[in-house]
Amino acid sequence: MAVPLYQAKAEFFRTLGHPVRIRVLELLQDGPCPVRELLAAIDVEPSNLSQQLGVLRRAQLVTATREGNTVVYALSTPDVVDLLRAARRILTEMITDQEALLAELREPDHQAHRA
C-alpha cells in the first residue's frame, strides 16, 4: 500500500528535525565539503556526525563520494538550499511577529487598554 503524501512529508520533515543535520545542510550550501571540514565546523563527536550523515544519505538529501582517503559530501539537489532559505524567511516572520507582540506587552497598562 502506498504511503499517503502527508505521511511522506511528515517523514521528510522528521528527517530534518535534528540540529546537526540542519547544520550539515547549511554548510553544504556553499558546495561539497570533506567530512574532516564538517567535523571541524560542527562541535560533535565523529560517530554522531557519521550517524547524522547516514540519515541524510538515506533520505537522499546528500551524496557522498570518495576522493582517495577522504569522503566528500554534497547536497543532492539545489532545492535543499531553497528549503533552507524558506525556513529562514518563515522564522524571520515569526520572530518579527513576536517582537511586535512583545513591544505591545511592554507598553504601560493605560496605553494597552486603548486598543
Side-chain angles (χ1 to χ4, degrees):
M1 181 172 182
V3 173
L5 181 56
Y6 65 86
Q7 189 173 340
K9 287 179 181 179
E11 191 61 38
F12 173 75
F13 283 110
R14 269 193 293 278
T15 298
L16 296 175
H18 193 284
V20 171
R21 292 181 216 144
I22 293 294
R23 187 66 185 128
V24 165
L25 296 175
E26 289 174 343
L27 291 168
L28 295 178
Q29 288 181 101
D30 297 328
C33 189
V35 172
R36 70 178 173 280
E37 288 180 24
L38 292 172
L39 198 53
I42 305 172
D43 187 27
V44 295
E45 293 294 320
S47 60
N48 188 350
L49 179 60
S50 179
Q51 179 183 20
Q52 302 312 325
L53 288 167
V55 171
L56 292 171
R57 268 194 328 269
R58 286 188 296 280
Q60 299 178 353
L61 290 170
V62 299
T63 60
T65 55
R66 185 169 290 281
E67 296 176 6
N69 291 335
T70 303
V71 178
V72 177
Y73 280 86
L75 296 178
S76 61
T77 173
D79 292 335
V80 175
V81 175
D82 295 336
L83 178 65
L84 293 172
R85 285 185 185 140
R88 186 179 190 98
R89 285 191 307 271
I90 292 167
L91 287 170
T92 299
E93 286 298 317
M94 291 170 58
I95 290 168
T96 300
D97 290 347
Q98 289 173 1
E99 286 175 353
L101 179 59
L102 183 58
E104 188 176 329
L105 288 169
R106 287 184 173 155
E107 289 179 3
D109 284 337
H110 68 279
Q111 289 180 352
H113 289 214
R114 288 187 289 161

Distance in Å, Ile90 CD1 paired with Ile95 CD1, rounded so as to fall on 0.5 Å steps = 12.0 Å
Using a 4.5 Å cut-off on heavy atoms from C-beta on, say whether the side chain of Arg21 contacts that of Val24.
-> no
When hydrophobic residues are tied together by side-chain contacts of less than 4.5 Å, even through go-betweens, does Val55 share a cluster with Leu27?
-> no
Side-chain touch Asn48/Ile42, heavy atoms, less than 4.5 angstrom = no
If you measure from CZ on Arg36 to CG on Leu39, what distance do you get to the nearest 0.5 Å?
-> 11.0 Å
Could you tell me whether the side chain of Thr70 reaches within less than 4.5 Å of the side chain of Val35, counting heavy atoms only?
-> no
Leu56 versus Gln52: any side-chain heavy-atom pair under 4.5 Å?
-> no
State which residue, out of Leu75, Val81, Val20, fulfils the side-chain contact (heavy atoms from CB on, under 4.5 Å) condition with Leu25.
-> Leu75
Between Val3 and Gln7, what is the shortest heavy-atom contact and its length?
-> CG1-CB, 3.6 Å
Nearest 0.5 Å, what's the CD-CG distance between Glu11 and Leu16?
-> 10.5 Å
For Tyr73 and Leu53, what are the C-alpha separation, side-chain angles and deciding distance, and is it a side-chain contact (heavy atoms from CB on, under 4.5 Å)?
-> CA-CA 9 Å; Tyr73 280 86; Leu53 288 167; 3.6 Å; yes
Can you tell me how far the NZ atom of Lys9 sits from the CG atom of Leu5, to the nearest 0.5 Å?
-> 4.5 Å
From Asp43 atom CG to Arg23 atom CZ, the distance as rounded to the nearest 0.5 Å = 11.5 Å
Phe13, Leu84: one ILVMFWY side-chain cluster at the under-4.5 Å cut-off?
-> yes
Least distance between heavy atoms, Pro32 atom then Val72 atom = CB-CG1, 3.6 Å
The reported gap from OG1 in Thr92 to CG in Asp97 (rounded to nearest 0.5 angstrom) is 11.0 Å
How far apart are the closest heavy atoms of Gln60 and Ser76, and which atoms are they?
-> O-OG, 2.6 Å
